[in-house]
A.B. asks: 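Let me give you the structure first, and then I'll get to my questions.
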Protein chains: 2
Amino acid sequence: MEKDYIKSQGLIGVTARVRRLNDRLMSTGRNVYKALNLDIEPNWHLILLLLEQNKKMAVTEISSTLKFSHPAVIKILKKMQEKDFLIGEKDPKDQRKQLFSLSEKAISLLPEYKEKWKLIEEIQKEYFVSEFLKALEKLESKLEETPIEEKVNEFINKK
Amino acid sequence: MEKDYIKSQGLIGVTARVRRLNDRLMSTGRNVYKALNLDIEPNWHLILLLLEQNKKMAVTEISSTLKFSHPAVIKILKKMQEKDFLIGEKDPKDQRKQLFSLSEKAISLLPEYKEKWKLIEEIQKEYFVSEFLKALEKLESKLEETPIEEKVNEFINKK
DNA sequence: TACATTTGCGTAACTAGTTACATAAAAACA
DNA sequence: TGTTTTTATGTAACTAGTTACGCAAATGTA
């Protein structure tokens, strides 16, 4: 007993389930960071690793490579800067751009962080079996190719 | 070129991808509803279908069967009530409870809505191949059984 | 070179969920 | 029966994203 109603309903609740999954992952992310004494917030690792490779990046470069909206990126960068993980400077060649790079603090903490992220990834692997990742990837590509809206419009016009 | 950086990074961005997927599904949901002239908001269908079966339900009954937090449910119910889809009444046997049921309007619109939802589900089926749903279900169950936090704690204690 | 367009950034307001807290009614219990 | 605990609801504040809009700098063009 105590079945999951939404699971039993097929596709009618799939969006809600995906949200539920995200909420759960975010929440465990916070808990795990706390347990491991990692003083960072969600998605910071993406930016730290990106800047480790690319050294200096502007807001829109980051937002387009992560596929986040630029206001989302700005919010994250601001917080990271407040906590001294990042340094921001005006691009001398283009006064509109702000270039972000890792601070000394970030660089010195990174090795320890990377070890902990590796551990987390190891544990995640037990949950995200390859079938899920493959199916997710397939779905993402399909949605990219032909948005659901298009198919619906096709149907409407046919009618 | 123009590859998806996050996809290429394995598990480190999986939470962000799940969120991205949800954002996309929500957005196409709104678009599709508009295109089909369905004047309802996300998740209303879950409640309409639930109340069609169960006639009268209290807030916490709904929230526990949908596995939404009760404040989330209250917000949805309020909006639905404002748009005359629902009727709310005090439970005479328990003055704390408010029982919600479908309005005449909702009942008369439901057949048309259900047809449109069926169409949407038909189109969704082309995207959410069974592998995705199975993998999602497996992941949900696994997270339910042993939360990731537990595994992390195990590791910490072992060390 | 002057003007129009595009690009990059920033802020504001919105969205769909959450947790935390408050209160009143009901239920359990001494 | 009087008191404590639990349950149901409601509200407030937070979260992590989005779109919409405005402005200034850079770029393209007549």
Side-chain angles (χ1 to χ4, degrees), chain A residues 6 13-31 33-34 40-47 56-81 86 88-100, chain B residues 6 13-31 33-34 40-47 56-81 86 88-100:
Chain A
I6 285 197
V14 84
T15 304
R17 284 166 73 185
V18 169
R19 172 66 190 240
R20 205 154 82 192
L21 175 59
N22 176 257
D23 285 347
R24 173 144 231 161
L25 292 175
M26 295 287 297
S27 158
T28 85
R30 280 191 298 272
N31 294 339
Y33 279 170
K34 198 180 286 175
I40 59 173
E41 294 181 35
N43 297 321
W44 288 21
H45 67 296
L46 295 174
I47 288 177
K56 287 189 184 184
M57 294 181 84
V59 174
T60 39
E61 284 179 275
I62 297 174
S63 72
S64 66
T65 98
L66 296 183
K67 299 213 178 170
F68 281 43
S69 69
H70 84 269
V73 170
I74 286 173
K75 279 182 204 172
I76 297 170
L77 293 176
K78 252 190 179 169
K79 275 198 199 171
M80 291 179 75
Q81 213 176 357
L86 297 184
E89 40 166 344
K90 275 250 148 68
D91 184 340
K93 295 187 204 123
D94 187 337
Q95 288 297 303
R96 292 168 307 178
K97 288 189 187 172
Q98 240 210 315
L99 297 176
F100 287 88
Chain B
I6 286 198
V14 83
T15 305
R17 283 165 75 184
V18 169
R19 172 66 191 243
R20 204 153 84 190
L21 176 59
N22 176 258
D23 284 348
R24 172 143 231 162
L25 292 175
M26 295 287 296
S27 157
T28 85
R30 280 191 298 273
N31 294 337
Y33 279 171
K34 197 180 284 175
I40 59 173
E41 292 180 35
N43 296 321
W44 288 21
H45 67 296
L46 294 174
I47 288 177
K56 286 188 185 183
M57 294 181 84
V59 175
T60 39
E61 284 179 273
I62 296 174
S63 74
S64 66
T65 98
L66 296 183
K67 300 209 176 170
F68 281 42
S69 69
H70 82 269
V73 170
I74 287 173
K75 279 182 203 171
I76 297 170
L77 293 175
K78 252 189 178 169
K79 274 199 199 171
M80 290 179 75
Q81 211 176 359
L86 298 184
E89 40 166 344
K90 275 249 147 70
D91 184 341
K93 292 184 207 128
D94 186 337
Q95 289 296 304
R96 293 168 305 177
K97 287 189 188 173
Q98 239 209 315
L99 297 176
F100 287 88

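Numbers restart at 1 for each chain; the letters A, B, ... are given by sequence-line order, proteins then strands. Just so it is clear, the values below take in all heavy atoms, side chains as well, and ignore hydrogens, waters and symmetry mates.
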A.B. asks: What integer distance in Å separates A:Lys75:NZ from D:dG17:C1'?
C.D. replies: 7 Å
A.B. asks: Expressed in angstrom and rounded to an integer, what is the separation of B:Ile74 atom CD1 from C:dA16 atom P?
C.D. replies: 17 Å
A.B. asks: Does C:dA16 have OP1 or OP2 under 4.0 Å away from a side-chain N or O of B:Arg19?
C.D. replies: no
A.B. asks: Starting at NZ of A:Lys97 and ending at C1' of D:dA25, how long is that distance when rounded to a whole Å?
C.D. replies: 12 Å
A.B. asks: Is any side-chain heavy atom of A:Ile74 closer than 4.5 Å to one of A:Phe68?
C.D. replies: no
A.B. asks: Looking at B:Lys93, I'd like to know whether one of its side-chain N or O atoms comes within less than 4.0 Å of OP1 or OP2 on C:dA26.
C.D. replies: no
A.B. asks: Are B:Asn43 and C:dG17 close enough that a side-chain N or O sits under 4.0 Å from OP1 or OP2?
C.D. replies: yes
A.B. asks: Could a donor-acceptor pair under 3.5 angstrom be found where the side chain of B:His70 meets the base of D:dG10?
C.D. replies: yes
A.B. asks: Which comes earlier along DNA chain C counting from the 5' end, the contact point of B:Arg96 or that of B:Met26, where each point is its nearest nucleotide?
C.D. replies: B:Met26
A.B. asks: Roughly, in whole Å, what's the span from CD in B:Gln98 to P in C:dT23?
C.D. replies: 20 Å
A.B. asks: Looking at B:Glu89 and B:Lys56, is there a salt bridge between them, counting it only when a charged N and a carboxylate O are closer than 4.0 Å?
C.D. replies: yes
A.B. asks: Of the nucleotides D:dA16, C:dC9, D:dG17, which one has an atom closest to the side chain of A:Pro42?
C.D. replies: D:dA16
A.B. asks: Just N and O in the side chain of A:Gln95: are any of them under 4.0 Å from OP1 or OP2 of C:dC9?
C.D. replies: no
A.B. asks: Could you say whether A:Ala16 or A:Asp94 is positioned toward the 5' end of DNA chain C, judged by the nucleotide with the nearest heavy atom to each?
C.D. replies: A:Asp94
A.B. asks: Less than 4.0 angstrom between a side-chain N/O of B:Arg24 and OP1 or OP2 of D:dG17, yes or no?
C.D. replies: no
A.B. asks: How many whole angstroms separate atom CG of A:Leu99 from atom C1' of D:dA25?
C.D. replies: 14 Å
A.B. asks: For B:Ser69, answer base if it contacts any base atom (sugar-phosphate contacts may also be present), sugar-phosphate if it contacts only those atoms, and nothing otherwise; contact means non-hydrogen atoms under 4.0 Å.
C.D. replies: base
A.B. asks: Answer with base, sugar-phosphate or nothing: what part of the nucleic acid does A:Pro71 contact at a heavy-atom distance below 4.0 Å?
C.D. replies: base
A.B. asks: One thing to verify: whether A:Lys93 and A:Asp91 come together as a salt bridge, which I'm taking to mean a side-chain N less than 4.0 angstrom from a carboxylate O.
C.D. replies: no
A.B. asks: Rounded to whole angstrom units, what separation is found between the CD1 atom of B:Ile62 and the P atom of D:dG10?
C.D. replies: 11 Å
A.B. asks: Measure the CZ-CG distance between B:Arg19 and A:Asn43 for me, rounded to the nearest 0.5 Å.
C.D. replies: 10.0 Å
A.B. asks: Taking the side chain from A:Ser27 and the backbone from A:Asp23, do they hold a donor-acceptor pair closer than 3.5 Å?
C.D. replies: no
A.B. asks: Under the salt bridge (Lys or Arg N to Asp or Glu O under 4.0 Å) rule, what pairs show up with a residue in residues 70-79 of chain A, not counting sequence neighbours?
C.D. replies: A:Glu41-A:Lys79
A.B. asks: Side-chain N or O of B:Lys90 versus OP1/OP2 of C:dA25: is the shortest distance under 4.0 Å?
C.D. replies: no
A.B. asks: Can you tell me the distance, in whole Å, between the CZ atom of B:Arg30 and the C1' atom of D:dG17?
C.D. replies: 11 Å
A.B. asks: Whole angstrom is fine here: how far is it from CZ in B:Phe100 over to P in D:dT9?
C.D. replies: 8 Å
A.B. asks: Would you say B:Thr60 reaches D:dT9's phosphate, i.e. side-chain N/O to OP1/OP2 under 4.0 Å?
C.D. replies: yes
